[in-house]
Amino acid sequence: MQGDPMGGLISAIIWMFLLIAIFYFLLYRPQQQQRKKHEEFLKNLKKGEKVITSGGLIGEIKSIEEKTVSLKIAEGTIIKVLKTAIASYYQEEEPKS
């Protein structure tokens, strides 16, 4: 006795769609949401805010252009970095007593 060959094909297709759905919901969708959140963060940057770059530099925003941001990292030192290199706001830690 042989099994129904169409049943095996349908089963394989169902598994393939199931794996694609798992891949989408566990990998692709969270990355997409994180990218949108970062793009929104970059749109809302303002002059005077303290930020940290993906390279670990901490600076105060002096000017914002279309693709770059000028950061004051020390007294008299202003550097230009790509907007996409800004990772997050910088929160100074309060000293522990």
Side-chain angles (χ1 to χ4, degrees):
M1 255 178 120
Q2 291 182 345
D4 184 17
M6 284 302 285
L9 179 63
I10 291 172
S11 176
I13 290 173
I14 290 172
W15 276 107
M16 185 171 45
F17 280 119
L18 184 62
L19 288 174
I20 290 171
I22 290 171
F23 178 78
Y24 176 78
F25 285 108
L26 292 180
L27 297 175
Y28 183 72
R29 191 165 182 253
Q31 279 183 339
Q32 194 176 37
Q33 288 175 334
Q34 188 176 15
R35 188 179 67 239
K36 284 182 182 179
K37 188 176 176 182
H38 190 251
E39 287 173 1
E40 189 66 30
F41 161 74
L42 293 177
K43 282 182 195 175
N44 294 326
L45 288 176
K46 293 179 183 74
K47 188 176 172 181
E49 293 177 324
K50 284 195 171 190
V51 293
I52 188 163
T53 67
S54 56
L57 292 173
I58 299 169
E60 181 182 336
I61 298 175
K62 287 298 178 185
S63 68
I64 301 172
E65 297 170 20
E66 186 178 335
K67 293 185 178 187
T68 60
V69 174
S70 295
L71 294 179
K72 177 182 172 186
I73 57 171
E75 204 59 46
T77 306
I78 295 178
I79 60 170
K80 227 177 211 187
V81 296
L82 290 174
K83 239 186 200 183
T84 55
I86 296 179
S88 65
Y89 293 111
Y90 176 68
Q91 303 287 328
E92 289 191 38
E93 294 180 14
E94 295 185 20
K96 295 178 183 174
S97 304

Is there a path of hydrophobic side-chain contacts, each under 4.5 Å between heavy atoms of I, L, V, M, F, W or Y residues, that connects Tyr28 with Leu19? no
Shared hydrophobic cluster, Leu71 / Phe41 (ILVMFWY, side-chain heavy atoms < 4.5 Å): yes
Around atom OH of Tyr90, are there more than 12 heavy atoms from other residues, nucleotides or ligands closer than 6.0 Å? yes
For residues Ile73 and Ile86: do they belong to one hydrophobic cluster (side chain heavy atoms under 4.5 Å, members Ile, Leu, Val, Met, Phe, Trp, Tyr)? yes
List the steps and the verdict of salt bridge (Lys or Arg N to Asp or Glu O under 4.0 Å) for Glu65 and Lys67. CA-CA 6 Å; Glu65 297 170 20; Lys67 293 185 178 187; over 6 Å; no
Separation between CG (Leu57) and CD1 (Ile52), nearest 0.5 Å, reads 8.5 Å
What do the steps show when you test Gln32 against Arg35 for side-chain contact (heavy atoms from CB on, under 4.5 Å), and what is the final call? CA-CA 5 Å; Gln32 194 176 37; Arg35 188 179 67 239; 3.7 Å; yes
Kindly determine whether Val51 and Val69 satisfy side-chain contact (heavy atoms from CB on, under 4.5 Å), including the steps that lead there. CA-CA 11 Å; Val51 293; Val69 174; 5.9 Å; no
Would you say Val81 ends up clustered with Tyr89 if hydrophobic residues are merged whenever their side chains have heavy atoms under 4.5 Å apart, either directly or through other cluster members? yes
Of the non-hydrogen atoms in Leu42 and Lys83, which two are nearest, and what is the gap between them? CD2-O, 3.2 Å
Going from CD1 on Ile78 to CD on Glu60, what distance comes out if it is rounded to the nearest 0.5 angstrom? 9.5 Å
Verify the neighbour count for atom CD of Gln34: are there more than 12 heavy atoms of other residues, nucleotides or ligands below 6.0 Å? no
Might you point out which heavy atoms bring Glu49 and Lys46 nearest each other, and give the distance in Å? OE1-N, 2.8 Å
Identify the two heavy atoms, one from Lys62 and one from Lys72, that lie closest to each other, and give their separation to 0.1 Å. CE-CD, 3.5 Å
With hydrophobic residues grouped by side-chain heavy-atom distances under 4.5 Å, do Trp15 and Leu26 end up in a single group? yes
